[in-house]
Amino acid sequence: MSALPEDSLKEARFHILLDEARRCRVCAGLLPFEPRPVLQASTTSRLLIVSQAPGSKVQQSGMPFSDRSGDRLRTWMGITPETFYDASVVALLPMGFCYPGRGKSGDAPPRRECAPLWRNQIVAYLSDVRLTLLVGTYAQAAVLGPGRMSDRVRDFRGYLPSLLPLPHPSWRSQLWINQNPWFVSELLPTLRSAVAAALSKEPV
């Protein structure tokens, strides 16, 4: 019996890894609900979106960013839901895969178990990623280390072409956006151009 080609072996291992991550129950008893890991990825994904953790509506739907924050993020990016949910081009890997419950102000921080258990292994397979969006403070801290979200977003040009930090697209960010009009006039056009280039079938 002939051995599988290396690409086929890689794909098979990746799908096993995704299945294991989606069945993860490590945090059972530590969450306000039964664990329901929510993620999206393919070995061919060209755009990686790193965010915080699913919200309560996503916990119910099982679909990442199926809430107003997702609507706002897609508007920022200038892409349709059809493109956003196409795993062959867009990977959605939050820092925590399950809804962490409520905290003192908004949602609780993402559970720390996900990144060492699953995220780092999954990201290692995403060799075609051209652009990574770092959405919110937790995603930025994980990739860039300690720092202020506002400073990083303001210096967005310094992270291109491979990274682009963004505020979290929740309603709470609207006050910050109103206080920083350059976000709409300067960053969003750059974001949309960078996303379009990353999703393009043209070689880089």
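- Between Arg111 and Tyr99, the side chains place no donor N or O within less than 3.5 Å of an acceptor N or O (distance only, hydrogens not considered).
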> Is there a side chain to side chain contact (heavy atoms under 4.5 Å, CB included) between Arg22 and Leu39 once you walk through the steps?
Replying inline: CA-CA 8 Å; Arg22 288 177 174 133; Leu39 62 149; 3.7 Å; yes
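- A donor-acceptor contact shorter than 3.5 Å is absent between the side chain of Arg154 and the backbone of Asn180.
- No donor-acceptor pair closer than 3.5 Å links the side chain of Ser61 to the backbone N or O of Ser66.
- For the pair Pro54 and Cys98, the minimum side-chain heavy-atom distance is 4.5 Å or more.
- Between the side chain of Arg192 and the backbone N or O of Thr75, at least one donor-acceptor pair lies under 3.5 Å.
- Put simply, CG on Leu131 and CG on Leu191 are 8.0 Å apart, with the number rounded to the nearest 0.5 Å.
- The distance from atom CD of Glu20 to atom CD1 of Ile16, rounded to the nearest 0.5 Å, is 7.0 Å.
- When each of Ile122, Val129, Leu133, Leu163 is tested with Leu48 by the rule side-chain contact (heavy atoms from CB on, under 4.5 Å), just one qualifies, namely Val129.
- Put simply, the side chain of Gln59 does not reach to within 4.5 Å of the side chain of Pro100, judged on heavy atoms.
- A salt bridge links Asp71 with Arg74: the closest approach of a Lys/Arg side-chain nitrogen to an acidic carboxylate oxygen falls below 4.0 angstrom.
- Panel note: side chain Tyr125, backbone Leu17; no donor-acceptor pair is recorded below 3.5 Å.
- At distances below 3.5 Å, at least one donor-acceptor pair connects side-chain atoms of Gln40 with backbone N or O atoms of Val90.
- Counting only distance, with no hydrogens or angles, the side chain of Thr83 and the backbone of Ile79 share no donor-acceptor pair below 3.5 Å.
- In this structure a side-chain-to-backbone donor-acceptor pair under 3.5 Å is missing from Arg102 to Ala108.
- If you take OG on Ser45 and CG on Asp128, they are separated by 8.5 Å, rounding to the nearest 0.5 Å.
- Side-chain contact between Val89 and Thr44 is absent, with no heavy atoms from C-beta onward closer than 4.5 Å.
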> Is there a side chain to side chain contact (heavy atoms under 4.5 Å, CB included) between Val50 and Val135 once you walk through the steps?
Replying inline: CA-CA 6 Å; Val50 184; Val135 182; over 6 Å; no
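- Trp176 has its ring centre no less than 6.0 Å from the ring centre of Trp171.
- For the atom pair CG (Leu164) and CD (Gln140), the distance works out to 10.0 Å, reported to the nearest 0.5 Å.
- Ser170 pairs by the side chain to side chain contact (heavy atoms under 4.5 Å, CB included) definition with Ser69, His168, Arg172, not counting sequence neighbours.
- A distance of 11.0 Å separates CG in Leu134 from CD1 in Ile49, rounded to the nearest 0.5 Å.
- With sequence neighbours excluded, no residue forms a salt bridge (Lys or Arg N to Asp or Glu O under 4.0 Å) with Arg46.
- Just one of Glu34, Arg112, Glu113 meets the side-chain contact (heavy atoms from CB on, under 4.5 Å) condition when paired with Cys27; it is Glu113.
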> Would Val38 and Leu92 count as a side chain to side chain contact (heavy atoms under 4.5 Å, CB included) if you check the C-alpha gap in whole Å, the side-chain angles of each, and the deciding distance to 0.1 Å?
Replying inline: CA-CA 9 Å; Val38 179; Leu92 304 169; over 6 Å; no
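- Summarising the geometry, atom SG belonging to Cys24 is positioned 15.0 Å from atom CZ belonging to Arg36; distances are rounded to the nearest 0.5 Å.
- Every pair tested for ring pair (Phe, Tyr, Trp, His ring centres under 6.0 Å) that includes a residue from residues 135-162 fails, sequence neighbours excluded, so the list is empty.
- Side-chain contact between Val195 and Leu47: present, with at least one pair of heavy atoms (C-beta onward) separated by less than 4.5 Å.
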